[in-house]
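Each chain gets a letter, A, B and so on, in the order its sequence line appears, and its residues count up from 1.
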Number of protein chains: 2
Amino acid sequence: MPAEPSTQQDGYTACADGEMPVPAMFRNLIGYHLRVAQETSFQAFARAAGKADLKPGWYSLLTVLAERNSMTPSELSRICGRDRSTLTSSLKALSHRGLIERRPNPDDQRSYSVRLTENGRRMQKQLHAIAVVYDRRLDEIAGKDKAVLIAVLGRIAATFGMPQDC
Amino acid sequence: MPAEPSTQQDGYTACADGEMPVPAMFRNLIGYHLRVAQETSFQAFARAAGKADLKPGWYSLLTVLAERNSMTPSELSRICGRDRSTLTSSLKALSHRGLIERRPNPDDQRSYSVRLTENGRRMQKQLHAIAVVYDRRLDEIAGKDKAVLIAVLGRIAATFGMPQDC
DNA sequence: GCAAGGTAATTTGATGTCAAACTATCTTGC
DNA sequence: GCAAGATAGTTTGACATCAAATTACCTTGC
C-alpha cells in the first residue's frame, strides 16, 4: 500500500490546489454561482447538524415557531417556503419527538395549530448555535460586502418568490 | 441599503402585498438569504425549462460537456458537484434520448467517456437560452453589485466546497 | 337552507439527491 | 506474479421536495 494519504487521484486534488473548474459558459451567470455557493455552504451546515443527529430542515421550522406562539401548518409552509404536503411528515416527526405540540383549532375543525414545547425551544437554540457558527464563516468571507450581499439576495428572493400569478 | 424588513408579518395575505416575512433570527444570517434567493430563482428557471419538457439538471451536464470533447462520469460528477451515483440515471436518460454518446475507454475497462451528440448540442443551446433569460433578470436585480456578488459567491463556494478535511 | 365551490391537511407518486454497499477492474509493494 | 487496496461505475436505501388527488370541513350565492 501505497499509501499516500492524500493521494490525490483524480483531478480533484483534494486540497492540493483547491481549484474548481468553472465552465466558461457559467462564469458570468449569477444563477450558477448562487447555486454552487448555496449548495456547498448548506451541505456544510447540514453535515454539522447531522452529526448532532439534527435534521437541517427542522431548523427553519423550529425557528419560525420560536418567534410566534403558534401557527397552522399552512402558515408555516408559506413562511418557510415549503409545500404544505412537505410539512406533514416533518411535523409528525417533530411532534413524535416532543418538540412541538398540536392543538385543535376550535374555530375550524379542519385545522390545528402548532406550538413549540420546552424541548423544542432547547433544540431550536442548539440548531441556531450550529447555524451561527457557519454563518460566522460566511460573514468573514463576505467581509465588508455583507450588507450589499444580503440586500441583493433579498431582492432576488422578493422578485422570484412572488406567487407566480401576481 | 439594507432593504427593509417587512413590517407586517402577520397577515401574509398572499399577493396582496408581496412582502414575505423574514423571521427575526434569520435576518442577519447570510446562509438564510442565500438559501431563499437560490431556491426561488432556481425554481423559476426549472419551471421555465420544465415547460419545454427539459430537466433543469441536464443543463449543467450538457453545458459542461459542450465545452469539452469528452469526459468520464466521474469528472462530470466533480465538475457539476453531484455525487457520481446521481449521474447514473441522468446519463442513462440523456443517452436514451440521443443527447450524449458513450464510448468505452480502451485504457480502462471500468470506465467510459461521454460526448455530446448533435442533438445534445442543440438541446444545450436551448437550455442555455432559457437560463440566460433568467440570468438577465438576476443581472438587473444585482445591478452595479454584480461583480461583488459573483466574487463573494465564488469565495463561499471555494471555501465550503473544499473536501471536508481541509 | 343548501348546493357549489373553496380551503386545510394528508396521501400518493415522481424526482433528485447523497451515502453506503457492491462488482469489476486496475495498481502497487513486495 | 499476486494479494491488498484503490478506483469507476452502478445499485440500493433513505430522504426531501413538489404536484396532483383525496377527504373533511367551511363559506357563499342564491
Side-chain angles (χ1 to χ4, degrees), chain A residues 1-14 35-36 38-40 42-47 49-51 53-61 71-78 80-95 102-114 163-164, chain B residues 12-14 35 38-40 42-47 49-51 53-61 71-78 80-95 102-114 163-164:
Chain A
M1 354 332 47
E4 329 232 29
S6 26
T7 283
Q8 173 13 263
Q9 68 297 21
D10 12 13
Y12 203 82
T13 77
R35 184 161 165 81
V36 175
Q38 196 276 319
E39 285 184 349
T40 55
F42 181 75
Q43 275 168 21
F45 166 65
R47 218 180 323 264
K51 279 189 182 144
D53 200 32
L54 305 174
K55 308 280 181 184
W58 293 358
Y59 175 45
S60 55
L61 297 178
M71 310 183 64
T72 64
S74 287
E75 292 174 305
L76 206 46
S77 138
R78 281 193 305 271
C80 293
R82 303 266 157 269
D83 193 89
R84 279 175 310 161
S85 62
T86 303
L87 262 46
T88 300
S89 65
S90 301
L91 295 178
K92 196 176 293 180
L94 290 171
S95 168
R102 313 157 101 124
R103 139 177 341 185
N105 178 346
D107 298 339
D108 188 337
Q109 304 291 108
R110 296 168 302 177
S111 188
Y112 61 87
S113 60
V114 170
Q164 45 288 69
Chain B
Y12 186 58
T13 71
R35 184 162 163 79
Q38 196 276 318
E39 285 184 349
T40 54
F42 182 74
Q43 276 168 20
F45 165 65
R47 218 181 322 266
K51 279 191 180 141
D53 199 32
L54 306 174
K55 309 279 182 184
W58 293 358
Y59 176 44
S60 56
L61 298 178
M71 308 182 66
T72 66
S74 287
E75 292 173 304
L76 206 46
S77 139
R78 279 192 307 273
C80 293
R82 302 268 156 266
D83 193 90
R84 278 174 309 161
S85 61
T86 303
L87 294 190
T88 301
S89 67
S90 301
L91 294 179
K92 196 177 294 179
L94 290 172
S95 168
R102 314 157 98 125
R103 141 179 339 187
N105 178 346
D107 298 338
D108 188 339
Q109 305 290 108
R110 295 169 303 179
S111 188
Y112 61 88
S113 60
V114 170
Q164 44 292 69

Pairs under 3.5 angstrom, nitrogen or oxygen only, protein versus nucleotides 17-21 of chain C, please.
{"unit_1": "C/dT17", "atom_1": "OP1", "unit_2": "B/Arg82", "atom_2": "NE", "d": "3.2"}
{"unit_1": "C/dC18", "atom_1": "OP2", "unit_2": "B/Asp83", "atom_2": "N", "d": "2.6"}
{"unit_1": "C/dC18", "atom_1": "OP2", "unit_2": "B/Thr86", "atom_2": "OG1", "d": "2.7"}
{"unit_1": "C/dA19", "atom_1": "OP1", "unit_2": "A/Arg47", "atom_2": "NH1", "d": "3.4"}
{"unit_1": "C/dA19", "atom_1": "N6", "unit_2": "B/Ser85", "atom_2": "OG", "d": "2.9"}

Specify the separation, in whole Å, of atom [atom1] of [X] and atom [atom2] of [N].
X: A/Asp108; N: C/dG6; atom1: CG; atom2: P; result: 17 Å
X: A/Met71; N: C/dA8; atom1: CE; atom2: P; result: 13 Å
X: B/Leu91; N: D/dG9; atom1: CG; atom2: P; result: 9 Å
X: B/Trp58; N: C/dG16; atom1: CH2; atom2: C1'; result: 13 Å
X: B/Leu54; N: C/dG16; atom1: CG; atom2: P; result: 12 Å
X: B/Leu76; N: D/dA8; atom1: CG; atom2: P; result: 14 Å
X: A/Phe45; N: D/dA16; atom1: CZ; atom2: P; result: 13 Å
X: B/Gln109; N: C/dA24; atom1: CD; atom2: C1'; result: 10 Å

Problem - Residue whose closest nucleotide on DNA chain C lies nearer the 5' end, A/Leu87 versus B/Pro56 - result: A/Leu87
Exercise for the section: Please tell me which of B/Pro106 and A/Ser113 maps to the more 5' nucleotide of DNA chain C, matching each residue to the nucleotide holding its nearest heavy atom. Expected result: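 Per heavy-atom nearest nucleotide, the more 5' residue is A/Ser113.
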Practice task
With the side chain counted from C-beta on, respond yes when B/Leu61 and B/Cys80 share a heavy-atom pair under 4.5 Å apart, and no when they do not.
Solution key: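 Side chain of B/Leu61 against side chain of B/Cys80, heavy atoms only: contact under 4.5 Å found.
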Handout entry: Check: A/Leu91 and A/Pro73 side chains under 4.5 Å, non-hydrogen atoms
Key = yes
Problem - A/Met71/A/Val114 under side-chain contact (heavy atoms from CB on, under 4.5 Å): CA gap, chis, key distance, verdict - result: CA-CA 5 Å; A/Met71 310 183 64; A/Val114 170; 5.7 Å; no
Think [X] has a side-chain N or O under 4.0 angstrom from the OP1 or OP2 of [N]?
X: B/Tyr112; N: C/dA24; value: no
X: B/Ser74; N: D/dT7; value: no
X: B/Thr88; N: D/dT10; value: yes
X: B/Arg102; N: D/dT10; value: yes

Problem - Ionic contact status for B/Glu39 with A/Arg35, cut-off 4.0 Å - result: no
Problem - Sidechain N-carboxylate O distance under 4.0 Å for B/Glu75, B/Arg84 - result: no
Exercise for the section: List the steps, then state whether side-chain contact (heavy atoms from CB on, under 4.5 Å) holds for A/Ser113 with A/Asn105. Expected result: CA-CA 6 Å; A/Ser113 60; A/Asn105 178 346; 5.8 Å; no
Exercise for the section: Between A/Arg110 and A/Lys55, name the one whose nearest nucleotide on DNA chain D is closer to the 5' end. Expected result: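 Between the two, 5'-proximity favours A/Lys55.
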Problem - Closest nucleotide among C/dC26, C/dA8, D/dG9 to the B/Thr72 side chain - result: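 Closest nucleotide to the B/Thr72 side chain: D/dG9.
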Exercise for the section: Quick one: do A/Tyr112 and A/Thr72 satisfy side-chain contact (heavy atoms from CB on, under 4.5 Å)? Show the steps, please. Expected result: CA-CA 6 Å; A/Tyr112 61 87; A/Thr72 64; over 6 Å; no
